[in-house]
Amino acid sequence: MNKIDAAFLLAHAATFDNRHASEAANEAWAAALYDVPYDDDARAAVARYYGTPPARDGERMWLQPHHVRSGRIAIRKDRLGATLPGYLPPRELETGAEFVARRQQQIAAVADGQVPARPIPLAGGPAPAVESRLEEGGYIPRHVREVLAQEQPERAERERLMRAGFPDPRLVDCPVESCRAGVRMPCTRPGRGGTRHRLSAPHPSRVDRAAAVKAGVA
């Protein structure tokens, strides 16, 4: 929130408490609320404050910056509800950092009121309707099922190698020039039109590199 935003916010507050505007007040409020945006939730926080009875009868209500901050947080928490909004899976593999960023965007979208929350049950397991959809195989989105189907053969091969005493090949980059898969990423081969096709097993040279790294000779 900048000085102009603060001036609009204080003008909104003045409709409740008849305060007098000043340039100094605008600067002070902008400094106190530098990380709070001037949006519908900030304005609603003002209305919520003056719409709540005082703690003691006859006490004068006078809005302060911390009332706007805490009120806005409360409004957004109310919108999120008692549970976090349901997780929306990605359409392709992503890194941990990408997952965190996308999850934050999902929660922010619900808190902003852009999309409705789809709560995650915290206990008791899925509802009967969800269980039936799971049995039918229709609850998991198609693109997620496709990724899981592609993952299974390669994972089985990695597990076989590790049972044989080899380290997980995904712990190292793939040295194959046409692959160059990064750490924790599956080996692939080039396809038409710049596409990449996932392999059902890691490249042998990647298996050798992982073993060499484990032995300390690479």
Side-chain angles (χ1 to χ4, degrees), residues 1-134 138-141 143-144:
M1 189 176 300
N2 55 34
K3 290 193 297 183
I4 296 176
D5 294 333
F8 280 113
L9 183 68
L10 290 172
H12 181 53
T15 62
F16 294 95
D17 55 27
N18 298 314
R19 67 179 66 209
H20 297 290
S22 70
E23 186 66 21
N26 296 343
E27 292 183 1
W29 278 67
L33 300 175
Y34 71 95
D35 57 346
V36 175
Y38 176 65
D39 55 12
D40 290 340
D41 290 339
R43 291 186 291 273
V46 176
R48 172 180 282 204
Y49 173 76
Y50 281 112
T52 304
R56 293 184 296 273
D57 290 341
E59 181 181 10
R60 185 189 182 191
M61 302 287 287
W62 192 253
L63 186 76
Q64 296 291 336
H66 67 87
H67 294 135
V68 176
R69 183 185 297 276
S70 60
R72 185 176 181 275
I73 291 174
I75 289 170
R76 295 171 69 81
K77 283 185 176 180
D78 289 346
R79 197 174 288 132
L80 285 171
T83 59
L84 288 176
Y87 171 70
L88 299 177
R91 293 191 175 275
E92 56 185 20
L93 293 176
E94 60 183 1
T95 65
E98 289 170 341
F99 163 77
V100 171
R102 189 171 52 78
R103 185 62 175 144
Q104 289 174 339
Q105 292 172 355
Q106 291 177 3
I107 295 175
V110 175
D112 289 339
Q114 298 175 7
V115 295
R118 298 193 306 169
I120 302 173
L122 298 182
V130 174
E131 288 179 342
S132 64
R133 291 176 68 188
L134 283 170
Y139 182 71
I140 301 175
H143 66 273
V144 176

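Proximity of a side-chain donor or acceptor of Y38 to a complementary backbone N or O of I4 within less than 3.5 Å is not detected. A distance-only check finds a donor-acceptor pair linking the side chain of Y49 to the backbone of W62 [under 3.5 Å].
Considering every non-hydrogen atom in both V46 and A13, the closest pair reads CG1-CA, 4.0 Å. Here the closest heavy-atom approach between residue T52 and residue M61 is recorded as O-CE, 3.3 Å. Nearest approach of G71 to A45, heavy atoms of both residues: C-CB, 3.8 Å. What you find for A42 and P37 is that their closest heavy atoms are CB-O, 3.6 Å. Across all non-hydrogen atoms, the minimal contact from E23 to K3 is OE2-NZ, 3.5 Å.
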Evaluation steps, salt bridge (charged side-chain N to carboxylate O under 4.0 Å, His left out), between R72 and D39: CA-CA 10 Å; R72 185 176 181 275; D39 55 12; 2.8 Å; yes
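Atoms CZ and NE2, from R48 and H67 in turn, are 13.5 Å apart once rounded to the nearest 0.5 Å. Taken from CG in D5 to CG in L33, the straight-line distance is 10.0 Å, to the nearest 0.5 Å. To the nearest 0.5 angstrom, I73 atom CD1 is 10.5 Å from I75 atom CD1. The CG atom of N2 sits 11.5 Å away from the CD atom of E27 when rounded to the nearest 0.5 Å.
The shortest side-chain heavy-atom distance between W29 and L63 falls under the 4.5 Å cut-off.
For F8, the CZ atom sits in a loose shell: 12 or fewer heavy atoms of surrounding residues, nucleotides or ligands are nearer than 6.0 Å. By the 6.0 Å contact criterion, NE2 on H20 is open, its count of non-hydrogen atoms from other residues, nucleotides or ligands being 12 or less.
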